[in-house]
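Shown next, in structure tokens, is the structure this report addresses.
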Amino acid sequence: NHWGYGKENGPDLWHTHYPVAQGSRQSPIDIPRQVSHDPSLGPIVLDYDHCTSISISNNGHSVVVNFDDTDERSVIHGGPLENPYRLKQFHFHWGGKGCDGSEHTVAGNSYASELHLVHWNAVKYTSFDHAAAAPEGLAVVGIFLETGDDHRWLHTITDAMYMVKYKGSITDFKGFNPKCLLPSSLHYWTYLGSLTTPPLHESVTWILLKDPIAVSEKQLGKFRLLQFTGEEEDQRLRMENNFRPPQPLKGRRIRSSN
Ligand SMILES: NS(=O)(=O)c1ncc[nH]1
Ligand SMILES: [Zn+2]
């Protein structure tokens, strides 16, 4: 049975097929109240001005916006990163109605949802898949979503969701620049971790922005119209609570930008 977020195939069972689930640098984690501030940590730079979104898809675990990563058009650099990392895709994790759904937590508190912007080190690796299996091959920027006012730009994504309701669906989604999803401050926490979904590779430099963005309950409700299951399946499983809970820190250091 393929991995998922249900009782029969959820996060507590992933270690049976992916033993690294019990590894020493797994994600997500809880960010404690006090984190050591590292003055040597410079600002993170998100250079997305020439970014090119291609499509939006439902992979059976989340809704994903895919980018053209064949050149250095949209990269992040600076902060804890030694090289520029190319934007490959972004996706979300969220809860059920009225339940929180972020993956990382802050002093034990969850947010309603968490956005992940996934980047790979094309300087050191020849493909995303190679980078995804290599230490420091990936850099994921995490942004917390809290419920509040309507987000001015999120509707372009939620309006496209009816086109990718079922697992395996994909549709054009051009010209979207994720810069519009960033909070006002780029202050961040950073630590070495893993993918939060199988294969759970321990290849991710995590960069979590401290400030959340606000989205409305109505907008979040549209995420829950997505389905984990395909159109042809008789089971209709609403896509929600697609988050992995925090994992043991195992002595890792978390650093804070200023
Ligand atoms: N959720 S995550 O950003 O760690 C991820 N990206 C690709 C697969 N899993
Ligand atoms: Zn994710």
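Counting starts at 1 for both ligands and their atoms, following the listed order.
- Within His116, ND1 is the N, O or S atom that lies nearest to the Zn ion (ligand 2).
- If you look at Trp189 and His104, their ring centroids are not closer than 6.0 Å.
- Between Tyr111 and the options Phe243, Trp94, Phe144, Phe92, a ring pair (Phe, Tyr, Trp, His ring centres under 6.0 Å) holds for only Phe144.
- Close approach of ligand 1 to Trp206 is summarised as follows: ligand atoms under 4.0 Å from at least one heavy atom of the residue are 4 (O).
- Between His61 and His2, the distance separating the two ring centers is shorter than 6.0 angstrom.
- Atom 9 (N) of ligand 1 has its closest protein heavy atom at Thr197 OG1, 2.8 Å.
- Taking the N/O/S atoms of His91 in turn, the shortest distance to the Zn ion (ligand 2) belongs to NE2.
- Residue, atom and distance of the protein heavy atom nearest to atom 4 (O) of ligand 1 are Thr196 N, 2.8 Å.
- The distance between the ring centers of His93 and Tyr5 does not fall below 6.0 angstrom.
- Contacts of Leu195 with ligand 1, taken as heavy-atom pairs under 4.0 Å, involve both backbone and side chain.
- Within ligand 1, the atoms closer than 4.0 Å to a non-hydrogen atom of His116 are 1 (N), 2 (S), 3 (O), numbered from 1 in the order shown.
- Ion pairing between a basic and an acidic side chain is recognised when a charged N comes within 4.0 Å of a carboxylate O; Lys88 and Asp69 show such pairing.
- Using a non-hydrogen distance threshold of 4.0 Å, His91 registers as a contact of ligand 1.
- Aromatic rings of Phe176 and Phe90 (six-membered ring for Trp) have centroids within the 6.0 Å cut-off, being under it.
- Near His93, meaning under 4.0 Å from any of its heavy atoms, are these atoms of ligand 1: 1 (N).
- Distances below 4.0 Å separate heavy atoms of Val118 from the following atoms of ligand 1: 3 (O), 6 (N).
- Within a 6.0 Å radius of NE2 in His130, no more than 12 heavy atoms belonging to other residues, nucleotides or ligands are found.
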